[in-house]
2 protein chains.
Amino acid sequence: MNKSEIKVIAVLERVGGFASAQELYQLLQRSGESIGLTTVYRALQSLVSDKIVDQLRREDGEAIYRLCGDSHHHHLVCKQCGSTVEIEGSAIERWTKAMAEEHGFREVGHTAEIFGICPAC
Amino acid sequence: MNKSEIKVIAVLERVGGFASAQELYQLLQRSGESIGLTTVYRALQSLVSDKIVDQLRREDGEAIYRLCGDSHHHHLVCKQCGSTVEIEGSAIERWTKAMAEEHGFREVGHTAEIFGICPAC
DNA sequence: CCTGAAAATGAAAATCATTTTCATTTCTGA
DNA sequence: TCAGAAATGAAAATGATTTTCATTTTCAGG
């Protein structure tokens with residue numbers, strides 16, 4: 001964890017939700033931090049692979065980031081406005097385990113996401 | 001609905017699931033269709049706004065498309081050799097429905113994939 | 001059949017987020 | 001203190017997608 005990563009975490013805390021790399025870069029600039037766009041991207045990559053930051057996609061394909069919640073969760077994403085809700089996924093865990101067993105797979109993991117249109121849209 | 005849109009629908013039927021614009025373009029080329037990449041993009045846009053085609057995003061941000069209401073299946077993918085097994089996902093369907101209802105989302109869909117190491121590897 | 005306006009087409013250029021390159025600067029630990 | 005490693009960032013490269021624009025096709029009326 002280096003200086004840039006700490007700066008990025010700080011701004012993500014300030015934001016308190018999702019923001020794109022470009023947005024985070026702008027915010028850092030405005031608050032007088034000296035940090036390059038490349039470094040913001042690199043810090044985000046690193047934080048994502050350390051599971052400190054969650055990454056997903058806006059409707060237009062731009063990546064957005066936010067600090068991870070604590071538990072392993074899945075997302076319910078609005079196709080329209082991009083808002084997300086963390087949802088419970090124990091059903092998925094069980095399904096994963098069952099399917100893996102049935103087909104003799106080991107060291108399994110999974111991805112699952114639900115998308116739709118939220119009540120507000 | 002013009003000729004290009006019909007060609008794109010035909011290839012999506014053949015694919016029977018998700019594919020990116022670039023992939024669809026390649027498939028059309030290979031099957032001898034004369035159609036430009038630009039036109040594929042335009043046809044897809046139009047089909048999406050007519051709700052004939054569903055659009056979502058791969059993890060890397062590339063847009064992927066499939067015919068609306070296409071019944072889809074899930075895959076168990078080997079991380080090592082890439083082999084895939086089609087698996088049953090009614091548990092996922094139920095989970096999707098339950099979560100959507102709980103949070104008031106409508107027009108929901110989902111993606112789910114299990115990855116691991118297959119018996120052969 | 002014509003004819004011309006509207007729609008469709010596609011090659012090439014533009015866009016834009018993201019990644020890579022590479023030369024330079026900052027750390028670190030012996 | 002010093003050398004090698006890690007970090008940095010400007011600029012170039014990348015790759016999907018969109019826009020531009022000149023050309024071709026379609027098609028309703030004459």
Side-chain angles (χ1 to χ4, degrees), chain A residues 1-12 15 17-67 75 77 79-84 111 113 115, chain B residues 1-12 15 17-67 111:
Chain A
M1 176 95 70
N2 60 35
K3 260 186 219 170
S4 306
E5 291 173 21
I6 290 172
K7 286 180 189 171
V8 168
I9 289 176
V11 75
L12 276 170
V15 165
F18 283 108
S20 71
Q22 307 276 346
E23 287 162 357
L24 293 171
Y25 171 67
Q26 310 261 16
L27 287 170
L28 284 162
Q29 293 291 296
R30 270 189 230 122
S31 58
E33 291 291 351
S34 160
I35 186 173
L37 180 57
T38 310
T39 303
V40 171
Y41 274 106
R42 272 194 289 239
L44 285 168
Q45 271 176 191
S46 164
L47 292 168
V48 166
S49 76
D50 291 350
K51 301 206 195 309
I52 293 167
V53 160
D54 255 352
Q55 172 183 32
L56 51 116
R57 296 275 163 185
R58 281 210 191 114
E59 184 84 342
D60 68 356
E62 193 174 355
I64 50 179
Y65 306 85
R66 81 168 161 190
L67 290 175
H75 289 119
V77 185
K79 291 195 268 199
Q80 211 115 94
C81 68
S83 70
T84 68
T111 58
E113 200 164 77
F115 48 90
Chain B
M1 176 96 70
N2 62 35
K3 262 185 216 169
S4 307
E5 291 173 21
I6 289 171
K7 286 181 190 170
V8 169
I9 289 175
V11 75
L12 276 169
V15 166
F18 284 108
S20 71
Q22 307 274 349
E23 287 164 357
L24 294 171
Y25 171 68
Q26 309 261 15
L27 287 170
L28 284 163
Q29 294 290 298
R30 271 189 229 124
S31 59
E33 291 291 352
S34 160
I35 187 172
L37 180 57
T38 310
T39 304
V40 171
Y41 273 105
R42 271 193 290 239
L44 285 168
Q45 273 176 188
S46 164
L47 292 168
V48 167
S49 75
D50 290 351
K51 299 205 196 308
I52 293 166
V53 162
D54 255 352
Q55 173 183 30
L56 54 120
R57 296 273 165 187
R58 271 214 262 269
E59 195 131 334
D60 68 355
E62 193 173 356
I64 50 179
Y65 307 85
R66 78 168 169 197
L67 289 176
T111 57

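Residue numbers start from 1 in every chain, and the chains themselves are labelled A, B, ... in the order their sequence lines are given, proteins ahead of strands.
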| field | Closest approach of B:I35 to B:K7 (non-hydrogen atoms, all atoms of both residues) | value | CD1-CD, 4.4 Å
All N/O pairs under 3.5 Å across the protein-nucleotides 26-30 of chain C interface:
| residue | atom | partner | partner atom | Å |
| --- | --- | --- | --- | --- |
| C:dC27 | OP1 | A:K3 | NZ | 2.8 |

| field | Pairwise side-chain contact, A:V11 with A:E33, heavy-atom cut-off 4.5 Å (strictly under) | value | no
| request: Measure from CD on B:E33 to P on C:dG10 and round the result to the nearest Å. | output: 11 Å
| remark: Scoring nucleotides 13-24 of chain C by protein non-hydrogen atoms under 4.0 Å (B base, S sugar-phosphate only, - none) yields ----SBBBB---
| Atom pair distance, as rounded to whole Å: CD1 in B:I35 and C1' in C:dA8 | 11 Å
| task | Describe the nucleic acid contact of B:S46 in one word from base, sugar-phosphate, nothing, applying a heavy-atom distance below 4.0 Å. | result | nothing
| note | Sorted by chain and number, sequence neighbours left out, side-chain contact (heavy atoms from CB on, under 4.5 Å) with B:T38 holds for B:R42
| query | salt bridge (charged side-chain N to carboxylate O under 4.0 Å, His left out) with A:E62: which residues, sequence neighbours excluded? | reply | A:R58
| said: Whole angstroms only, please: what is the CD-C1' distance between B:Q29 and C:dG10? | reply: 11 Å
| query | Between B:I6 (CD1) and C:dT9 (P), how many Å, whole number? | reply | 10 Å
| field | Shortest non-hydrogen contact between B:L44 and B:A21, atoms and distance | value | CD1-CB, 3.7 Å
Please output the side-chain donor-acceptor pairs of residues 46-54 of chain B that fall under 3.5 Å, not counting sequence neighbours, one pair per line with the distance.
| residue | atom | partner | partner atom | Å |
| --- | --- | --- | --- | --- |
| B:S46 | OG | B:E5 | OE2 | 3.0 |
| B:S49 | OG | B:S46 | O | 3.2 |

| query | Over how many whole Å does the gap from B:M1 atom CE to C:dA8 atom C1' extend? | reply | 16 Å
| query | Hey, is CD on B:Q29 packed in by over 12 heavy atoms from elsewhere, all under 6.0 Å? | reply | yes
| task | Mind checking side-chain hydrogen bond (donor to acceptor under 3.5 Å, both in side chains) for A:Q22 and listing every partner two or more places apart, or none if nothing turns up? | result | A:Y41
| query | Between B:N2 (CG) and C:dG10 (P), how many Å, whole number? | reply | 10 Å
| request: Please check if the side chain of A:Q55 supplies one atom and the backbone of A:R66 the other of a donor-acceptor pair under 3.5 Å. | output: no
| d(CG, B:L24; C1', D:dT17) in whole Å | 14 Å
| said: Whole angstroms only, please: what is the CZ-C1' distance between B:R58 and D:dT17? | reply: 14 Å
| query | Looking at B:T39, does any N or O in its side chain come under 4.0 Å of the phosphate oxygens OP1/OP2 on C:dT9? | reply | no
